[in-house]
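Report on the structure given below.
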Amino acid sequence: MTDLQILPPQSFTPQAPPLAPKEQFNADATYTAKPWTLIWWRFRKHKLAVVSLAFMAILGFLALFADFMSPYTPNTISRLNTFAPPNVVRIFHEGQLHRPFIYPMKRARDIETARVIYQEDRGKVLPIRFFVAGETYNLLGLVETNIHFFGIDDRRQQINLLGTESLGRDLFSRLLYGARVTLSAGLIGVAFSFVLGLALGAISGYYGGWLDSMIQRLMEFIRSIPTIPLWMGLAAALPIAWDPLFVYVLITIILSLIGWTHLARVVRGRFLSLKSEDYVLAARLAGASEYRIVTRHMLPAMTSYIIAAVTLAIPEMILGETALSFLGLGLRPPVVSWGVLLQDAQNLRTISLAPWLLAPGVAVILVVLAFNFIGDGLRDAADPYGQ
Amino acid sequence: MTQPSKNAPAAMQDDTIISVRSARKYFPVQEGWLRTIKGYVKAVDDITFDIKKGETFGLVGESGSGKSSIARLILRAYDLTGGEILFRRSNGEVVDVSTLSDRSLREIRREMQMIFQDPYSSLNPRMTLLELVGEPMVIHGVGSEGEIRDRVADLLRLVGLRPEYLNRYPHAFSGGQRQRIGIARALALNPSFIAADEAVSALDVSVAAQNINLMQDLQEQFGLTYLFITHDLGMVEHISDRIGVMYLGRLMEVGPTDEMFAKPQHPYTEALLAAVPQPDPRGNRTRKRVPLKGEIADAMNIPTGCPFHPRCPYADVKCRGEVPELRMLPSGRQVRCHYAETLDLVGVAAA
């Protein structure tokens, strides 16, 4: 029995291990790296997520400066330019290298069907110019200017990178303005559901008991309601005469009333698992106050999870807004959102005549995918200390 | 010195630092939607023992016997269901930990600390060593930022870690090193009592031995009192002055380590000792083995009579019907067995 005896007490004096030479270089950086640095290092390994993040950063920039980046305002009507196909940006004119330019579109009528058709006029070159003067606008509501990032120097012709719609409005410009509304609807909706989800999830997870049961049942009830009829009901309750901007805010609230449950689940789960974490007990035994335990030990351990969950919730909001507006229950013209733009693509005839009107749909797909990739990357990186 | 304060009615011997008296902890088992209580898990049931100043009291038992619950009750991580736990503060005042207000509890927490079993989950991965080891000082407002820094560096040196590691996060360290960080943190406020809950069970043998020896050195240096909870009898023999054996939330036997190992007086202690691997093959052959039958009973459904009787080779009718009390034998040992005097039980050869 006693041979099992471990080393005699005196023989051991704890000695610090010598620093290995390697340790002095890269390892020390890892060992002293802040949690967020570790999360970023891990996120970086997820290539698709990094690409998506860059994509969203660019799109966010475009949306924010939509009035500067777009050649026209979203409501500039051009009667003689309806359903014009996208212009192709070219760099060769008659076999010669040329600065980027477009050919103007010539409007004609099909002799048999009397349909308007557009043909490129190969004889004339319209070079694309940067920082050209156009319609005046207020940049970020602050500076009044008429400089646009790009455009062409021609009063009669337009540059329509994505074509035009039934009133001859430039789809590219409308898409950028729509990105503003659609993306911010996603962000604001998520912000609302974040507040709801964090509060209810935290109460549910931290206090537990019957309060937890009640909140859980409520969430299950909300999740079981078919969304489209619910949206229809709520949207029908919004008076049609209200200011479109006000309607926009209400729509995001409606979306978040359903969307918060997912976030609440995540928050509750983290609270439950953190509550039984030894280091939380250790802090309590050290005499830490509830406030300190929550703010210093529990919240830092879940912010990355919450951010990941929020990122994954944004595409749901965007899809919700798009679906509602597409059905005519959400935003209405003159507000421009991707869902509103897609309304134009509702009938088969327009799609067959002007397939470019589906561009906002492609934009929705790209943005939803990007957010999902970013969310996936964040979720994988959220706990840099796990296995 | 003893000043029985308002909430400590019963006197405590002068050399005692902790006195657990008839402590009970029942966890309600809830079921269904309305959370009706369908029973209780008696994690700790009528436990009474004293820990003397400067000693190491070992608490052994199988998983689920309630060892950890006792440590958590003493440190008031849980509230008692019944009984009392007296603690002698360093100024001589005796307090009942189980009835203290939050405010006075905070004061007591400077004097009693805990070392955790899992060196991975007991350190917040998002804090540096400086924040981790210094946290108790920050919480209790002891010292300025610079003083805390110096003290943490000293503590790290004391447990054999380089003070340059201050800005590192726990993931930079091995299990054994993390455990030492936990020890440094426990020592931060100069406590007089430390509960070590399976403090070395998660470590491999050589690292565990190092840390045990470190803990013994620290005990000598600072006059610490340990409550050492483990299921490893070899470890407990090495470190403890006295041992309590627990089974299903009850103490089965309490006594000095060497006496208990030489001559157990409870059949459960005998069975535990028989299960300790013997390095000497000859001794192994000659030794009578009493293999333990079955498994520890469900704590919600404790057997009638002596809780150990279904697994006890010596049990008879009396054991099945009558609950034995923890009684003091003339030798000074405490045993919870009807036949403690008559049974001739086998221990292990003395060291």
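Predicted model only: the values in this text are computed from it and were never measured. Quick note on labels: first sequence line is chain A, next is B, and so on, each numbered from 1.
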Point to revise | Taking every non-hydrogen atom, the tightest pair across A:Leu285 and B:Leu75 | key: CD2-O, 3.6 Å
Review point. Can you find a heavy atom in the side chain of A:Leu281 that is under 4.5 Å from one in the side chain of B:Arg72?
Key: yes
**Study point:** Reported CG-to-CZ distance for the pair B:Leu105 and A:Arg284, which is rounded to 0.5 angstrom
**Key:** 11.5 Å
Review point. Would you say B:Arg126 and A:Arg296 make side-chain contact, with heavy atoms under 4.5 Å?
Key: no
Point to revise | Nearest non-hydrogen partners of A:Gly287 and B:Ile139, listed with the distance | key: O-CG2, 3.4 Å
Exercise for review: Decide if atom OH of A:Tyr207 counts as having more than 12 heavy atoms of other residues, nucleotides or ligands within a radius under 6.0 Å.
Suggested key: no
Exercise for review: Using heavy atoms and a sub-4.5 Å threshold, report which of residues 106-116 of chain B line up against chain A, by residue number.
Suggested key: B:Arg106, B:Arg109, B:Gln113, B:Met114, B:Phe116
Exercise for review: Check whether more than 12 heavy atoms from other residues, nucleotides or ligands sit under 6.0 Å from atom CH2 of A:Trp210, and answer yes or no.
Suggested key: no
Study note, to complete from the structure: Rounded to the nearest 0.5 angstrom, the NZ-OG1 distance for A:Lys34 and B:Thr128 is 8.0 Å
Study note, to complete from the structure: In this structure, CG of B:Asn124 is separated from CD1 of A:Ile293 (nearest 0.5 Å) by 11.5 Å
Revision key, fill the gap. Applying a strict 4.5 Å limit to non-hydrogen atoms, the region of B:Leu123 in contact with chain A is backbone
Review point. With respect to chain A, which residue among B:Met127, B:Arg76, B:Glu135 yields the maximal number of heavy-atom pairs within a distance under 4.5 Å?
Key: B:Glu135
Point to revise | Among B:Pro191, B:Ala186, B:Pro125, B:Pro136, residue most engaged with chain A (heavy-atom pairs, under 4.5 Å) | key: B:Pro125
